[in-house]
Number of protein chains: 2
Amino acid sequence: MEPNSSSNDNNKMQLQHHSSCLEIATMEVHRVVPPRHKSTIEKLKTRLKETFFPDDPLRQFKGQPLGKKWILAAQYIFPILEWGPNYSFKLFKSDIISGLTIASLAIPQDSSFVPPLVYTVLGSSRDLAVGPVSIASLIMGSMLRQEVSPTQNPVLFLQLAFTATFFGGLVQASLGLLRLGFIIDFLSKATLIGFMAGAAIIVSLQQLKSLLGITHFTNQMGLIPVMSSVFHNTKEWSWQTILMGFCFLVFLLLTRHVGTKRPKLFWVSAGAPLVSVILSTLLVFAFKAQHHGISVIGKLQEGLNPPSWNMLKFHGSHLGLVMKTGLITGIISLTEGIAVGRTFAALKNYQVDGNKEMIAIGVMNIVGSSTSCYITTGAFSRSAVNHNAGAKTAVSNVVMSVTVMVTLLFLMPLFQYTPNVVLGAIIVTAVVGLIDVPAAHQIWKIDKFDFLVMLCAFLGVIFISVQEGLAIAVGISIFKILLQITRPKTVMLGNMPGSDIYRDLHHYNEAMRIPGFLILSIEAPINFANTTYLNERILRWIEEYEAEENLNKQSSLRFVILEMSAVSAIDTSGTSFFKDLRKAMEKKGVELVLVNPLAEVLEKLQRSDDSGDFKRPDSLYLTVGEAVASLSSTIKAPSANYV
Amino acid sequence: MEPNSSSNDNNKMQLQHHSSCLEIATMEVHRVVPPRHKSTIEKLKTRLKETFFPDDPLRQFKGQPLGKKWILAAQYIFPILEWGPNYSFKLFKSDIISGLTIASLAIPQDSSFVPPLVYTVLGSSRDLAVGPVSIASLIMGSMLRQEVSPTQNPVLFLQLAFTATFFGGLVQASLGLLRLGFIIDFLSKATLIGFMAGAAIIVSLQQLKSLLGITHFTNQMGLIPVMSSVFHNTKEWSWQTILMGFCFLVFLLLTRHVGTKRPKLFWVSAGAPLVSVILSTLLVFAFKAQHHGISVIGKLQEGLNPPSWNMLKFHGSHLGLVMKTGLITGIISLTEGIAVGRTFAALKNYQVDGNKEMIAIGVMNIVGSSTSCYITTGAFSRSAVNHNAGAKTAVSNVVMSVTVMVTLLFLMPLFQYTPNVVLGAIIVTAVVGLIDVPAAHQIWKIDKFDFLVMLCAFLGVIFISVQEGLAIAVGISIFKILLQITRPKTVMLGNMPGSDIYRDLHHYNEAMRIPGFLILSIEAPINFANTTYLNERILRWIEEYEAEENLNKQSSLRFVILEMSAVSAIDTSGTSFFKDLRKAMEKKGVELVLVNPLAEVLEKLQRSDDSGDFKRPDSLYLTVGEAVASLSSTIKAPSANYV
């Protein structure tokens, strides 16, 4: 706008106030104009842009010098360049504690230290701790075992596993490159809260193995198998382990309590896990506790994991299976990784870019596959510990993998005395904090249906599996949306006394109906899924009106006004619905009037009708008020002397 | 309303005009009031009612005497009681012709004459001709063959087949009783046109068997297998058959042409198929043509099909398979039957009640299973012939089954000379008329995406199968809806000069922006699927505004007004989206204002926010006009002297 536009505007506003008084006198009405014509290509372009590039990544490049452009591009591809420069020692302090903490979890679990580094550079989540996840690993194992036995043919099995990991990464990365990140939007807040609580419980139950010192434990995830294997092996419970576990659990929970109560003493809760690892290790070492029924990590093979790109096989009879395995495990681990990422992002109120996440996790696995790593992703329990230990940025991943690397090379002997029970305690403390009961209650208060969704995610994760739990929750949420579309709201509008505003009669009691008019507003896009319903519903409105009309002999129905402001889109079923409706009304001697159809809708309506009914000025108005005013002047009924 | 309401209204209207002038002077604004509180149960009740009983079947019963009520109830359950009473001889004339015509098709195909009678009583479609459909039969056969061989153990096989039919019917009927009929709404007009054209081509191709006199013919439906089996058996082609077929085809097409050109001569095209059947039979009989390479129906076993309820087995080892078979074939045949029903309903512009259809087809199969009938449904080719022969009501089904019955008992000898080629010709003539090119072109003109859907249905049906074709089309249509939800429209509104109306800036060029205000209207329900997008999009609108602002130093952004009239629903993700948005804006020193949130949305928003921001009067307005007017009075900027 030109600089002095504001003053113009004042004049405009004043002028407007005058004229809107005039307008009522002279009943000057605004016309609905057909929108500027757009070619199909144009439309397609905008549609695609909004679908795949809603964040308009190139926007920031506009009008920048070339050098700046390069920097921006680099920052876009490598998020680390965004937050790296203003990374401070303060942040590093929290990151190093959390990094060491998750390292103490990582060392016994696996020795993949390259993927975390990759993620640090590419990832957009601050709390995600990278590592293998049991579900994906289990599935990969069982799928490959169909064709190759890991015992009889270990080398080939390894080759297939790495190749599958490679394909998995490829799938994940390409999903991101195809800008399909918006798929993760279907993980609603409710779903995530349910998922989180469920996963927390599952993970805690898994820890019963180490907390009770059970040696023969199921490797299934479900509630039932775990509990059964807990209570079928009661004789394996070791009181020493339970005692030690209990003590450290109390210690950890207390420190966490202090940390949450006194934000100043945050370092207490942050440091506690690491302290307990060291402490417990020393205890075991001092009292030779490993000989008294307390299981320790023990000897792990030393040395880094070797490069393995020479082990990737892209030929041979097993390729089909390998690709299938890669696809499935890839998608499964992606879902979990992204769910975890979003969960913690929601906790700290920041956004994760779905596309970047997918690319990051994908590349990380592609690289991992050539450094002897199975498929990795954002691991829930590990991220929970990371978050709980106060991680601020992805640097904690770097700390973790450096620690892991150093340990693998030199410090293995130190860790062999670390008791598993403490690691269990650390994980439990971290995850139980993620069961967010207040949020659940809030959801129940606001939206019962969302609560149902949350419940499904929760129970699904506990009793079936993480993926199916999520799938069910998402399925229900989508079903709800479809239901809203199939049964759109139609609201009867009435006039707000002393104005030309028209609003819902049931919401605003003072709103009054206008005899001879039936004013409905349709609250959804009109398409194949709801035309049948809308047809029935509107005819029902009319019948009801006529029934009343006969009861108290009010002036008969002359006009049905459809307020279309909320009809954001229409398809061919919709256009023919309007034709049929108009026919049906003409039979009844009622006239159909549309108010404020949006550009796209108007265009399609006019293109669809050959009779030109939707071009007649007296069947299209810009506001309900103007429609009523100008139409009522045409009525011969008592309401003729309106104007 | 009370009798004299109309006069009241005049006063009201006049009063209104005064006051709306006043209003501008005194800037009296309307408040957004919280809606009347409704209990969860109440809401659930209305929601369920609108979902499952949108036609409000009990409405017509209100205030009727008991006797009348019974009649209405009977009519509701048995549609025949609705149209039966005013059934005329004129209608019967057309029905008997079409009935005899489809009978001539039915006799060689099958001998199930009970289901059509059932459908006549319960069904709500006028053109549906009942019979077995090849796909369902094929699937049932192949599924049962997994456990029982029809050759080695024919009796058991029959038992299983009938029992499966029974279960199929049960599934179909219960779908209807559970009021899930709205599922068929997902078959859009575009889908049906594509389906119809595809099915027409498939069916015509099937007729090449009889038209070319091929004896060894594939029993697959796809385009490729059929064509290959046509051209691999060229030596089986019989010129006599081809000649005869060609003549009758020409005759039938000519008569149909006449019938369509001259509506008065409709009886010509209607009678033609029957005439050709009789004529051809006589010809064959006269010239002993069956010995000259023209295949005839030949001897069929006489006699009615016996009752078979004693053959239903609800126990034994095969029960599982039987139930599975019933479920699958039941749903498959239901899809086709309902698709066919809707197709012809769309052609003649009348509604079919999905629930009634499901119940009718279900009961028909339950009854059929106890009268030695396999699963039946609305058969496409047969219904096409029925429609083409001018059927007016379901009575044509009665005529058909009576004819079939009589023939089975006494007239079989007559029919054994009927040449298959003529039946083929009749079917082809009927179905080619259903390829609706103008409609396809119309769809292309109005909505490219619907055209894509249509194309998928068409190609899917031709190259894959009827069900998968339909499935693909429905899948794409649903995907489109989801896309509309995930990427809702947000439109920037401007003021229409000389009024307090606000409309899309891009649609109405005269609409003008108001400095200091960003007025956006959101065009979709706000839920988990689009909160991320909306958040990004709105912040982008703001950034763009600020960018411009710096360019031409217009007054800085003070208020973001969200026009919520089109937001029909919201969930917990939505409510927390608003909280986050408000936070983000406060950081920028911009105020968030909502205009006309609907009852449900307002309720949830207010329940969700503890800060009470959404209760403050100056953050809720009833119209954009009032919001702008009353807010601009608060601005210190040049636009202060608005009012």
By a 4.5 Å heavy-atom criterion (distance strictly below it), what part of [X] contacts chain B: side chain, backbone, both, or neither?
| X | answer |
| --- | --- |
| Leu622(A) | both |
| Ile446(A) | both |
| Glu543(A) | side chain |
| Ala524(A) | neither |
| Thr486(A) | side chain |
| Leu605(A) | neither |
| Glu600(A) | side chain |

Name the region of [X], side chain, backbone, both or neither, that has any atom closer than 4.5 Å to a heavy atom of chain A.
| X | result |
| --- | --- |
| Ser576(B) | side chain |
| Leu539(B) | neither |
| Lys448(B) | side chain |
| Leu44(B) | neither |
| Asn509(B) | neither |

Show your reasoning for whether side-chain contact (heavy atoms from CB on, under 4.5 Å) applies to Phe528(A) and Val474(B). CA-CA 10 Å; Phe528(A) 63 92; Val474(B) 171; 5.9 Å; no

Which heavy atom of [X] sits nearest a heavy atom of [Y], and at what distance?
| X | Y | value |
| --- | --- | --- |
| Gln442(A) | Ser608(B) | NE2-O, 3.2 Å |
| Ser568(A) | Lys489(B) | O-NZ, 2.7 Å |
| Asp447(B) | Ile570(A) | OD2-O, 3.8 Å |

Closest-packed option against chain B by number of heavy-atom pairs under 4.5 Å, given [options]:
| options | value |
| --- | --- |
| Ser573(A), Ala190(A), Ala547(A) | Ser573(A) |
| Glu523(A), Arg537(A), Arg487(A) | Arg487(A) |
| Lys604(A), Arg607(A), Glu603(A), Arg540(A) | Arg540(A) |
| Leu483(A), Ile443(A), Asn596(A) | Asn596(A) |

Indicate yes or no: at least one non-hydrogen side-chain atom of Lys189(B) is less than 4.5 angstrom from one of Asp571(A). no

Check step by step if side-chain contact (heavy atoms from CB on, under 4.5 Å) holds for Leu598(A) and His507(B). CA-CA 8 Å; Leu598(A) 301 181; His507(B) 182 178; 5.9 Å; no

Between Thr572(A) and Asp450(B), is any side-chain donor less than 3.5 angstrom from a side-chain acceptor? yes

Is a side-chain donor-acceptor pair under 3.5 Å present for Arg503(A) with Thr623(B)? no

Before giving the answer on side-chain contact (heavy atoms from CB on, under 4.5 Å), spell out for Ile501(A) and Glu626(B) the whole-Å C-alpha distance, their side-chain angles and the decisive distance to 0.1 Å. CA-CA 11 Å; Ile501(A) 307 169; Glu626(B) 291 181 351; 3.5 Å; yes

To the nearest 0.5 angstrom, please state how far the CG atom of Asn527(B) sits from the CZ atom of Phe449(A). 11.0 Å

Among Thr191(B), Thr531(B), Asn530(B), Thr532(B), single out the residue with the greatest number of heavy-atom pairs under 4.5 Å to chain A. Thr532(B)

Check the pair Ile485(A) / Ile485(B) against side-chain contact (heavy atoms from CB on, under 4.5 Å), numbers first and verdict last. CA-CA 10 Å; Ile485(A) 296 286; Ile485(B) 297 286; 4.0 Å; yes

